[in-house]
Amino acid sequence: MQITHLARTGLASVLALGLFASGPVMAQSAQELIDDASDPTTLLTYGMGYDQTRHSALNAINTDNISRLRPAWSYSLGDNRGQESFPMLYDGMMYVTTHNATIAIDPATGKQLWKTMVEYPAETPRVACCGIVNRGSALYEGKLFRTTLDAHVTALDAKTGVELWKTKSIDYKSGYSMTVAPMIADGVLITGVSGGEYGIRGYIEGYDPDTGARLWRTYTVPAPGEPGSETWKDGGDAWERGGGPTWLTGSYDPEMNTVFWGVGNAASWNAGLRPGDNLYTASILALDPKTGSIKWHYQTSPNDPFDHDAVNELVHATIDGRKVIMQASRNGFYYVLDRATGELIAANQFVDKVNWADGIDLETGRPIVTDVYTGAIAGEEVEYWPGALGGKNWSPTSYDPNTQTTFINTLNGGMKYKAVEPQYRPGVFYFGAEFAFTWAESRGSLRAIDPMTGAVKWENPVDIPRLAGVLSTDGNLVFTGATTGEFEAFNAATGEKLWEYNTGSGVVGQPVTWEANGKQYVTVLSGGGAVYALFSGDERLADTPPGGSVITFELVE
């Protein structure tokens, strides 16, 4: 990595004025990470808290005054790729990432404090399936951690941007990449890997945050003789390239000292060639953060032929006195599990059309598959819903514990599919299927749902689906962004759109809110280029220009 700019003078002036910090950048302790969700002046954990609710108790910006929300500042990222980074905020410094840079920004003015470039081989993007992006960083004890597209994990000095260590996870040339935001749990730096469409063998791994030494690696596809290997019944070597990517950040329960992480699809998509459930693909795992050992697992889509990842965010809640974990799965069902045991409590359809299964059996936890699924396994041509982009793609949900409401950007698309013989070559797409997308007239919707029943409280449909994250607040507001560039705010109770601002490029990032000196702010990254834009062929996006930026909003008189 190379530091291209370090504005020490600007940082010193901010600290001297005492605008946003009371002293130099201090070490982020484990307790501060645990308390992050209850401290509106920090953003220390991916998802605004270990529980990933993406809900804030701040209410200074609310339904009564949202019309007065205006940009306080805008910072250019100098990058035309998709911008999905989760901003971090600590002690007078905001941190964002792109695929090729890590940046510290003065949150009072939007001025750059330092920028450290990420250097990776020019051929690396060919093994990044679904967007040249980075989703954010982790903070701990004065260090900022991130992953790189060529499958390295790095640590920077949070105050200066100087690289402290860099560890190679694996050789990217065989199809591996990293876009995930790492997390700290019980003093261990934990990260996942991308590459499910390249025939990788997925894993989750833990690192020593001080040295970069790898502490453990837990494969999501077991080798012969390991627990779960009996679910790969092909009798051959399918497990060696069985998929199971882990490309979205997990959540953490400090009381249980358990990390929860989602696992993606099996490879190839020709499931008939790998009979059995194919653990631990398309599964939710509960892990010991010190060792990586699996405490429990729950599989959403056994022997999945449809790219129905279970990698989406895992949200914590307490419902009817029971601690649960919740996920809007790509397969179209919203799952509620007991957080301690993985027992299935509820699983309900949250999109308009699901035809590969009639539902989820609450006794067995398994899908009640239809002839669409069995036909696909048998090699027939089928049209299945939701398609490979899912009933929800990567864009994270928000959960309001006050109203027990989940806010979610859904997709209304299917896929024509026929399994074919896959040809494995390292670093080359390993689909094993011929496919084409199909779409409903309304391709997506922002929905408010009851997580226990799937009932839709309200929705805001759109012709071009939203791929941005969702933020909710006690100001009775829901924030998200449009692929066409609008940053939007809705009434959380009714779904009425109250406000929007044209950011200049598609919004596929993760909105956050925070407080400084008693004043509430909202920040989002703008910059189109997510998976929908890459694969949908939607010509309507031709008039939405690229260009990354960070925009922070405040109320004006």
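All values reported here derive from a predicted model rather than from experimental measurement. Numbers here are sequence positions counted from 1.
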**Q** Taking the side chain as every heavy atom from C-beta outward, state whether P401 and H55 have any atom pair closer than 4.5 Å.
**A** yes
**Q** Taking the side chain as everything from C-beta on, heavy atoms only, tell me whether W385 gets closer than 4.5 Å to T438.
**A** yes
**Q** Under a 3.5 Å cutoff, is there a donor and acceptor pairing between the side chains of D79 and Q83?
**A** yes
**Q** Could you check whether any side-chain heavy atom of P305 comes within less than 4.5 Å of a side-chain heavy atom of W356, counting everything from C-beta outward?
**A** no
**Q** Using 4.0 Å as the upper bound for N to carboxylate O, is an ion pair formed by K392 and E313?
**A** yes
**Q** State, without any angle test, whether S395 and N393 hold a side-chain donor-acceptor pair at a distance under 3.5 Å.
**A** no
**Q** Closer than 4.0 angstrom, basic N to acidic O: yes or no for E381 and K416?
**A** no
**Q** Can you see whether T397 engages T406 through a side-chain donor-acceptor pair at a distance of less than 3.5 angstrom?
**A** no
**Q** Taking all atoms of both residues into account, what is the closest heavy-atom pair of T370 and D358, and its distance?
**A** CG2-OD1, 3.4 Å
**Q** Assess, by modelled atom type and distance only, whether the side chains of Q510 and Y46 contain a donor and an acceptor separated by less than 3.5 Å.
**A** yes
**Q** Does either side chain, that of T484 or that of T544, offer a donor lying less than 3.5 Å from an acceptor on the other one?
**A** no
**Q** Got a salt bridge between D338 and K323, using NZ or NE/NH1/NH2 to carboxylate O under 4.0 Å?
**A** no
**Q** Backbone N or O of L44 within a donor-acceptor pair of the T42 side chain at under 3.5 Å?
**A** no
**Q** Closer than 4.0 angstrom, basic N to acidic O: yes or no for R447 and D352?
**A** yes
**Q** What I'd like to find out is whether the side chain of L525 reaches to under 4.5 Å of the side chain of L77, using heavy atoms alone.
**A** yes
**Q** Measuring from D253:CG to L314:CG, what's the distance to the nearest 0.5 Å?
**A** 12.5 Å
**Q** With a 4.5 Å cut-off on side-chain heavy atoms, are L389 and W439 touching?
**A** yes
**Q** Tell me whether the rings of Y384 and F306 are parallel (<30°), tilted (30 to 60°) or perpendicular (>60°).
**A** parallel
**Q** Which atom names give the shortest non-hydrogen contact between Y430 and P422, and what distance separates them?
**A** CE1-CB, 3.6 Å
**Q** Does the side chain of N62 come under 3.5 Å of the side chain of N476 through a donor N or O and an acceptor N or O?
**A** no
**Q** Counting C-beta onward and ignoring hydrogens, is there a side-chain heavy-atom pair between L471 and T480 closer than 4.5 Å?
**A** no
**Q** Measure from the side-chain N and O atoms of Q404 to the backbone N and O of D450, and report whether any donor-acceptor pair falls under 3.5 Å.
**A** no
**Q** Compare every heavy atom of N312 with every heavy atom of Q327, then report the nearest pair and how far apart it is.
**A** NE2-O, 2.8 Å
**Q** When you look at Y198 and F429, which way does the ring-ring contact (aromatic ring centres under 6.0 Å, His included) test go after all the steps?
**A** CA-CA 5 Å; Y198 294 90; F429 277 130; 4.9 Å; yes
**Q** Run the side-chain hydrogen bond (donor to acceptor under 3.5 Å, both in side chains) check on S301 and N331 step by step: do they pass?
**A** CA-CA 8 Å; S301 294; N331 68 16; 3.1 Å; yes
**Q** Tell me, with the steps shown, if D277 and N303 meet side-chain hydrogen bond (donor to acceptor under 3.5 Å, both in side chains).
**A** CA-CA 5 Å; D277 285 354; N303 194 217; over 6 Å; no
**Q** Do D36 and T45 have side-chain atoms, one donor and one acceptor, less than 3.5 Å apart?
**A** yes
**Q** May I have the step-by-step check of ring-ring contact (aromatic ring centres under 6.0 Å, His included) for F260 and H316, ending in yes or no?
**A** CA-CA 10 Å; F260 305 92; H316 300 194; 5.4 Å; yes
**Q** Is there a donor-acceptor pair under 3.5 Å between the side chain of W261 and the backbone N or O of L248?
**A** yes
**Q** Is it true that the side chains of R54 and Q52 contain a donor and an acceptor less than 3.5 Å apart?
**A** yes
**Q** I'd like to know if R366 pairs up with D361 as an ion pair, taking the criterion as any Lys NZ or Arg NE/NH1/NH2 lying under 4.0 Å from an Asp or Glu carboxylate oxygen.
**A** no
**Q** What I want to find out is whether E486 reaches K497 closely enough, with some N-O distance under 4.0 Å, to be called a salt bridge.
**A** no
**Q** Under the criterion side-chain hydrogen bond (donor to acceptor under 3.5 Å, both in side chains), I'd like the reasoning laid out for E197 against W269: C-alpha separation, chi angles, the key distance, then a yes or no.
**A** CA-CA 9 Å; E197 274 58 67; W269 292 3; 3.3 Å; yes
**Q** Evaluate the side-chain proximity of H308 to T300: yes if any heavy-atom separation is below 4.5 Å, no if none is.
**A** no
**Q** Is there a salt bridge (Lys or Arg N to Asp or Glu O under 4.0 Å) between R443 and D463? Walk through the geometry before answering.
**A** CA-CA 5 Å; R443 296 191 177 191; D463 293 338; over 6 Å; no
**Q** Measure across M94 and T523 and return the closest heavy-atom pair with its distance rounded to 0.1 Å.
**A** CE-OG1, 3.7 Å
**Q** Taking the six-membered ring of W394, is the NZ or CZ of R135 close enough (under 6.0 Å from the centre) and on axis enough (within 45°)?
**A** yes
**Q** Just one of V263, D309, T191, T147 clears the side-chain contact (heavy atoms from CB on, under 4.5 Å) bar with W247, so which one?
**A** D309
**Q** Is the closest side-chain heavy-atom distance between Y120 and H99 below 4.5 Å?
**A** yes
**Q** Nearest heavy-atom pair of Y399 and A317: which atoms, and what distance?
**A** CE2-CB, 3.5 Å
**Q** Which atoms form the tightest heavy-atom contact between A101 and R146, and what is the distance?
**A** O-NH1, 2.8 Å
**Q** Hey, what do you get for CG (N348) to OH (Y334), rounding to the nearest 0.5 Å?
**A** 10.5 Å
**Q** Please identify which of these residues, Y521, F479, W499, meets the ring-ring contact (aromatic ring centres under 6.0 Å, His included) condition with F553.
**A** W499
**Q** Take V324 and I345 through the test side-chain contact (heavy atoms from CB on, under 4.5 Å) and record every step on the way to the result.
**A** CA-CA 9 Å; V324 302; I345 299 170; 3.6 Å; yes
**Q** Applying side-chain hydrogen bond (donor to acceptor under 3.5 Å, both in side chains) to N270 and S268, what does each step give before you reach the verdict?
**A** CA-CA 5 Å; N270 189 336; S268 71; 5.4 Å; no
**Q** Are any of the side-chain nitrogens in R540 or D538 under 4.0 Å away from the carboxylate oxygens of its partner?
**A** yes
**Q** In terms of ring plane angle, is the pair F490 and W458 parallel, tilted or perpendicular, where the classes change at 30° and 60°?
**A** parallel
